[in-house]
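Below you'll find the structure, written out as structure tokens, and then a few comments.
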Amino acid sequence: GGSRVRRTLVLIAGVAGGTRDHTSAVVLAGLAGLAAGAFSMAAGEYTSVASQSEAAQREIDKERREIIANPVAETDELAQMYVEKGLDPELAREVARQIHVDVDNAVTVHAREELGVDPHDLASPMTAAVSSFLSFAVGALVPVLPYLLGAGSLLPGLLVTLVALFLCGAMVTQVTSRS
């Protein structure tokens, strides 16, 4: 959150310092920076999450092929995982056998146990992109807001930015229980 606010503040401060009648130029620069940054962040986040989800899906598909092609070995592999977690070998074998009765269930369990992913809960690239866009836009709007409300100098934008940065830091401290 903080870098979005600081980036926009630096942008509008540069425009404010370089123009005489700067209010409209500052608002225009701030909104242009907001739009450019928000779209850039959204595109980057979409690409990143799509790549991660596609890679996870490829691994899940590979696991499905292995379960179908060699169900005995995959059942034994799952039973061994359960033994390593402390189950009695006979119980582990029975649990694995029951899980493998349904291929879809077996794929889900293997994906969770081996890959650490839930095939039914892969991240959505679109949700990530929209979230990134909105969070960047809100953060970048903070220093521009005083100008939109009629401020004629950089001071109100600077003060609002400092308060926003403090509040973001305070929230992070509360969430992480660290200073």
Side-chain angles (χ1 to χ4, degrees), residues 1-63 81 84-85 104 107-179:
S3 65
R4 296 179 268 282
V5 175
R6 286 190 302 267
R7 234 178 279 154
T8 305
L9 178 65
V10 169
L11 176 66
I12 65 172
V15 173
T19 58
R20 257 184 238 228
D21 181 23
H22 58 270
T23 303
S24 60
V26 169
V27 169
L28 182 60
L31 294 178
L34 179 156
F39 280 109
S40 173
M41 292 294 290
E45 193 68 18
Y46 182 91
T47 302
S48 174
V49 172
S51 296
Q52 290 172 356
S53 292
E54 288 170 9
Q57 189 60 55
R58 277 193 303 275
E59 290 298 313
I60 292 165
D61 293 343
K62 178 182 172 190
E63 195 63 42
M81 282 186 244
E84 290 170 6
K85 290 183 179 192
D104 290 333
V107 170
T108 299
V109 171
H110 277 269
R112 284 185 187 140
E113 295 294 329
E114 292 180 47
L115 308 173
V117 296
D118 182 347
H120 307 295
D121 194 29
L122 294 178
S124 163
M126 188 56 72
T127 300
V130 169
S131 297
S132 184
F133 181 92
L134 292 175
S135 69
F136 190 97
V138 168
L141 188 61
V142 169
V144 179
L145 195 58
Y147 282 98
L148 290 173
L149 298 175
S153 73
L154 186 60
L155 186 60
L158 180 61
L159 292 174
V160 168
T161 299
L162 290 174
V163 169
L165 289 171
F166 175 80
L167 292 174
C168 285
M171 285 191 310
V172 167
T173 298
Q174 291 299 312
V175 170
T176 62
S177 299
R178 294 172 49 187
S179 63

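- Of all the heavy atoms in Ala42 and Phe133, the pair that sits closest is CB-CB, 3.8 Å.
- The list of salt bridge (charged side-chain N to carboxylate O under 4.0 Å, His left out) pairs with a residue in residues 24-39, not counting sequence neighbours, is empty.
- For Thr127, the side chain to side chain contact (heavy atoms under 4.5 Å, CB included) partners two or more places apart in sequence, or in a different chain, are Ser124, Ser131.
- With sequence neighbours left out, the side chain to side chain contact (heavy atoms under 4.5 Å, CB included) criterion links Ala111 to Ile60, Leu115, Val117, Pro119.
- What you find for Leu34 and Ala137 is that their closest heavy atoms are CD1-O, 3.4 Å.
- Applying the side chain to side chain donor-acceptor pair (under 3.5 Å) definition to pairs two or more places apart or across chains, those involving residues 35-61 are Gln57-Asp61.
- Counting only residues at least two apart or on different chains, the side chain to side chain donor-acceptor pair (under 3.5 Å) pairs with a member in residues 112-122 are Lys85-Glu113, Thr108-His120, His110-Glu114, Arg112-Asp118.
- Although no hydrogens or angles enter the test, the distance criterion places a donor-acceptor pair under 3.5 Å between the side chain of Thr173 and the main chain of Gly169.
- Residue pairs meeting the ring-ring contact (aromatic ring centres under 6.0 Å, His included) criterion with at least one member in residues 159-179: none, sequence neighbours excluded.
- Considering every non-hydrogen atom in both Pro143 and Pro146, the closest pair reads O-CD, 3.5 Å.
- With sequence neighbours excluded, the residues that form a side chain to side chain contact (heavy atoms under 4.5 Å, CB included) with Thr176 are Val172, Arg178.
- Of all non-hydrogen atoms in Val144 and Gly30, the two that sit nearest each other are CG2-CA, 3.6 Å.
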